Undergrad: 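Let me give you the structure first, and then I'll get to my questions.
Just so it is clear, the structure is predicted and the values come from calculations on it, not from any experiment.
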Amino acid sequence: MTRRGTLEIYLDVLGILGREGEMTRTRMMYASNLAWVPFKRCLSKLEELELIKTRLEERGGRTRCFYSLSDKGRRVQDLSRDMRMLMKA
């Protein structure tokens with residue numbers, strides 16, 4: 001089993017958001033198979049690069065944060081998918 005590089009982790013998280021749609025941090029963390037600290041670093045970087053967007057929602061007296069792909073994130077995900085297809089050909 002090989003370790004994933006930083007870029008591969010970022011692309012995996014973007015892919016998960018692309019497939020699943022809007023998600024909470026916890027669901028994204030479990031789906032990406034990352035521990036909390038590396039996941040939080042990844043999430044911060046994706047937000048800094050404006051590849052993901054957040055939406056806050058009040059539910060039962062507490063605020064929940066939902067994440068989804070931004071337009072820029074969707075373009076990066078599409079380019080990544082195209083590159084993977086070219087590499088297989």
Undergrad: Got a second to check how far F39's CZ is from S44's OG, nearest 0.5 Å?
TA: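 F39 atom CZ to S44 atom OG measures 9.5 Å (nearest 0.5 Å).
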Undergrad: Apply salt bridge (charged side-chain N to carboxylate O under 4.0 Å, His left out) to residues R81 and D78 and explain how you reach the verdict.
TA: CA-CA 5 Å; R81 184 176 38 242; D78 291 343; 2.4 Å; yes
Undergrad: Is any side-chain heavy atom of I52 closer than 4.5 Å to a side-chain heavy atom of L43?
TA: yes
Undergrad: Would you compute the distance between atom CD1 of I9 and atom CG of L46 and round it to the nearest 0.5 angstrom?
TA: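 Result: 10.5 Å between the selected atoms.
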Undergrad: Give the cluster check for M87 versus L79: same hydrophobic cluster or not, with ILVMFWY residues linked at side-chain heavy-atom distances below 4.5 Å.
TA: no
Undergrad: Quick one: CZ on R75 to OG on S80, what's the gap to the nearest 0.5 Å?
TA: 14.5 Å
Undergrad: Are the side chains of T54 and C65 in contact, using a 4.5 Å heavy-atom criterion?
TA: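 With C-beta onward as the side chain, the pair touches.
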Undergrad: Ignoring hydrogens, what is the shortest heavy-atom contact between A35 and P38? Give both atom names and the distance.
TA: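 Shortest heavy-atom separation between A35 and P38 comes out as O-CD, 3.3 Å.
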Undergrad: Could you measure the distance from the OH atom of Y10 to the CG atom of L49? Nearest 0.5 Å is fine.
TA: 7.5 Å
Undergrad: For a 4.5 angstrom cut-off between non-hydrogen side-chain atoms, does Y67 reach M28?
TA: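 In contact.
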Undergrad: Taking the side chain as everything from C-beta on, heavy atoms only, tell me whether M29 gets closer than 4.5 Å to W36.
TA: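 SC-SC contact between M29 and W36 confirmed.
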Undergrad: For the atom pair NZ (K72) and NZ (K53), what is the distance rounded to the nearest 0.5 Å?
TA: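 Those atoms lie 14.0 Å apart.
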Undergrad: State whether the number of non-hydrogen atoms from other residues, nucleotides or ligands found under 6.0 Å of D71 atom CG is greater than 12.
TA: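 Not buried by this count: 12 neighbours or fewer within 6.0 Å.
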Undergrad: Go through the steps to decide whether E57 and R55 satisfy the test salt bridge (charged side-chain N to carboxylate O under 4.0 Å, His left out), and finish with yes or no.
TA: CA-CA 7 Å; E57 183 179 299; R55 179 179 67 84; 2.7 Å; yes
Undergrad: Establish whether V76 and M83 are linked, either directly or via other cluster members, by ILVMFWY side-chain heavy-atom contacts under 4.5 Å.
TA: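 Result: no, two separate clusters.
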Undergrad: With a 4.5 Å heavy-atom cut-off, do D12 and L34 have their side chains touching?
TA: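 A side-chain contact under 4.5 Å is absent here.
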Undergrad: If you count every heavy atom of other residues, nucleotides or ligands that lies below 6.0 Å from R4 atom CZ, does the total exceed 12?
TA: yes
Undergrad: If we only count heavy atoms from C-beta on, is the F66 to M23 side-chain gap below 4.5 Å?
TA: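 Of all side-chain heavy-atom pairs linking M23 with F66, none is under 4.5 Å.
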Undergrad: Say you draw a straight line from SG of C42 to CD of E47; how long is it, rounded to the nearest 0.5 Å?
TA: 10.0 Å
Undergrad: Quick check on K40: does its NZ atom have over 12 non-hydrogen neighbours (other residues, nucleotides or ligands) under 6.0 Å away?
TA: no
Undergrad: Ignoring hydrogens and geometry beyond distance, is a side-chain donor-acceptor pair present between E50 and S70 at under 3.5 Å?
TA: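 No - no donor-acceptor pair under 3.5 Å links their side chains.
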Undergrad: Please examine the side chains of R27 and E20, heavy atoms only from C-beta on, and report whether any two atoms are closer than 4.5 Å.
TA: yes
Undergrad: Begin from the C-alpha positions of L14 and L69 and carry the test side-chain contact (heavy atoms from CB on, under 4.5 Å) through to its verdict.
TA: CA-CA 7 Å; L14 292 176; L69 281 180; 3.4 Å; yes
Undergrad: Considering all heavy atoms of both residues, which atom of S32 and which atom of V13 are nearest to each other, and what is their separation?
TA: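 Nearest heavy atoms, S32 then V13: CB-CG2, 4.0 Å.
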